*Asks:* 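I'd like to ask you about the structure that follows.
First listed ligand is number 1; within each ligand, the first listed atom is number 1. Here the structure is a predicted model, which means the values were calculated and not measured.
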Amino acid sequence: MNAVPPAGPPALPAPIGLLAELTHRCPLRCPYCSNPLELDRRSAELDTATWRRVLAEAAALGVLHVHLSGGEPTARQDIVEITRACAELGLYSNLITSGVAGALSKLDALYDVGLDHVQLSVQAAEAANAERIGGLKDAQPQKFAFAERVTALGLPLTLNAVIHRGNIAEVPALIDLAVRLGAKRLEVAHTQYYGWAYVNRAALMPAKADVDRSIRTVEEARERLKGQLVIDLVVPDYYAKYPKACAGGWGRRLMNVTPTGKVLPCHAAETIPGLAFWHVQDHSLAEIWTRSPAFEAYRGTAWMKEPCRSCDRREKDWGGCRCQALALAGDPAATDPACSLSPLHGKVQALAVAESALETAPDYQYRTIGGAPRVAMPEGAPV
Ligand code: SF4
Ligand code: FES
């Protein structure tokens with residue numbers, strides 16, 4: 001009989017997606033932006049050659065999708081070259097854009113070098129409200145012209161609408177807008193409270209009744225628009241029963257490269273103190289994926305505490321979001337307080353109810369490079 005080799009640890013599956021945060025520069029100033037409060041400056045951004053190498057390493061590692069993101073990725077002079085590199089490497093490229101400023105002028109060139117998909121942000125359906133939220137006048141007509149050109153080129157278009165107190169009444173209008181612009185997909189994404197959204201939480205938190213109404217609207221529209229428009233719904237964590245599998249589970253599906261080349265397991269991971277993030281200048285993506293301490297820290301289930309440790313959902317949602325656990329519970333290894341099994345869940349829901357009930361929402365603290373927000377953390381955090 002042949003000897004059976006001892007079983008080693010299961011091979012680590014490759015990441016599916018790479019979020020390439022090409023720059024933090026952006027013409028919009030959305031108060032719900034998930035970028036960090038300390039935004040990277042242009043002078044510190046990776047150069048074109050380094051991005052080409054990173055993309056080649058991603059393809060070799062098994063990555064399938066590259067999300068060209070930011071900030072506004074078309075603010076980079078070399079966005080066409082970077083997109084061309086994706087196509088040459090067989091990577092599916094998704095441009096995540098605001099569609100304003102220079103975006104339209106680069107779109108045909110991006111199409112010519114093989115861009116696969118466009119995800120366009122919309123702040124609201126109604127122009128004045130959209131421009132108030134995004135902090136940029138005359139943005140809406142630019143977005144519509146951009147969307148028109150995307151569909152004229154035959155590129156698949158997804159609209160992404162981040163939903164909050166300031167636009168939740170417009171969910172039906174946003175669905176109509178997606179149809180009118182010829183989008184194939186609409187993301188109705190309730191705000192996730194990281195980065196600037198966390199600072200602006202009291203201004204953004206919608207009332208539970210409005211959230212429920214928005215969910216019913218989406219469910220009805222999904223039926224009505226079957227075959228025409230796919231609608232993805234991201235429900236708000238603070239009112240949820242169970243948390244989402246954030247980033248598909250820590251170190252399981254995604255890698256996030258920041259404008260300066262740090263590689264993170266999720267876009268907000270830098271908020272967790274004590275994690276060491278490896279840099280693309282010092283290590284290959286394969287090394288970072290397989291053995292960097294930050295990716296190892298919360299991969300799998302061994303790090304979990306109760307109630308996650310013995311919960312039968314632990315390999316479904318992977319304990320929720322580490323960054324939210326830190327922000328709300330003060331411990332990144334705690335059960336995400338968005339989970340109804342967390343001892344803090346009741347407090348989080350009460351906080352959401354109290355913030356959404358404020359008669360007048362506080363002013364937005366708009367996202368800005370080099371301008372520290374006036375309030376670093378909302379009152380009552382950690383709860
Ligand atoms: Fe998920 Fe943990 Fe909640 Fe179970 S206790 S549902 S694993 S977050
Ligand atoms: Fe970091 Fe959810 S944003 S784990």
*Asks:* Show me which atoms of ligand 1 lie under 4.0 Å from any heavy atom of C339.
*Replies:*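 Those of ligand 1 that fall under 4.0 Å from C339 are 3 (Fe), 5 (S), 6 (S), 8 (S).
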
*Asks:* Less than 4.5 Å apart, any side-chain heavy atom of I79 and any of L22?
*Replies:* yes

*Asks:* Counting from 1, what ligand 1 atoms have a heavy atom of P243 closer than 4.0 Å?
*Replies:*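 Near P243, the atoms of ligand 1 are 8 (S).
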
*Asks:* Is the shortest side-chain N to carboxylate O distance from D212 to K208 below 4.0 Å?
*Replies:*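 Result for this pair is yes, salt bridge flagged.
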
*Asks:* Parallel, tilted or perpendicular for W278 and H283, by the 30°/60° rule?
*Replies:*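 W278 vs H283 ring planes: parallel.
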
*Asks:* Given side-chain contact (heavy atoms from CB on, under 4.5 Å), test Y193 with L328 step by step and report yes or no.
*Replies:* CA-CA 10 Å; Y193 294 99; L328 296 176; over 6 Å; no

*Asks:* Against the six-membered ring of W303, is R314 placed for a cation-pi contact (under 6.0 Å from the centre, within 45° of the normal)?
*Replies:*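 Here R314 fails the 6.0 Å and 45° test against W303.
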
*Asks:* Any side-chain heavy atom of Q123 sitting closer than 4.5 Å to one from C30?
*Replies:* yes

*Asks:* Nearest 0.5 Å please: distance from the NZ atom of K143 over to the CG atom of L177.
*Replies:*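 Nearest 0.5 Å value for the NZ-CG distance: 10.5 Å.
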
*Asks:* Among all protein heavy atoms, pick out the one at the shortest distance from atom 6 (S) of ligand 1; state its residue, atom name and that distance to 0.1 Å.
*Replies:* D317 OD2, 3.3 Å

*Asks:* Quick one: which ligand 1 atoms are inside 4.0 Å of a heavy atom on C308?
*Replies:*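 Every atom of ligand 1 under 4.0 Å from some heavy atom of C308: 2 (Fe), 5 (S), 7 (S), 8 (S).
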
*Asks:* At less than 4.0 angstrom from any atom of ligand 2, which residues have a non-hydrogen atom? List them by chain and residue number.
*Replies:*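 Close residues (ligand 2, cut-off 4.0 Å): Y194, C246, W250, C266, A268, C321, R322, C323.
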
*Asks:* Under a 3.5 Å distance rule, please check whether R253 uses its side chain to pair with a backbone N or O of I16 as donor and acceptor.
*Replies:* no

*Asks:* Report the nearest protein non-hydrogen atom to atom 4 (Fe) of ligand 1: residue, atom name, distance rounded to 0.1 Å.
*Replies:*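 Nearest protein contact, heavy atoms only, for atom 4 (Fe) of ligand 1 is C311 SG, 2.3 Å.
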
*Asks:* Does ligand 1 have any atom that is closer than 4.0 Å to a heavy atom of D336?
*Replies:*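 No, D336 has no heavy atoms under 4.0 Å from ligand 1.
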
*Asks:* Hey, is S342 touching ligand 1 through its side chain, its backbone, both or neither, going by heavy atoms under 4.0 Å?
*Replies:* neither

*Asks:* Can any side-chain N or O of N129 pair as donor or acceptor with the backbone N or O of G166 at less than 3.5 Å?
*Replies:*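 Here the side-chain-to-backbone pair exists.
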
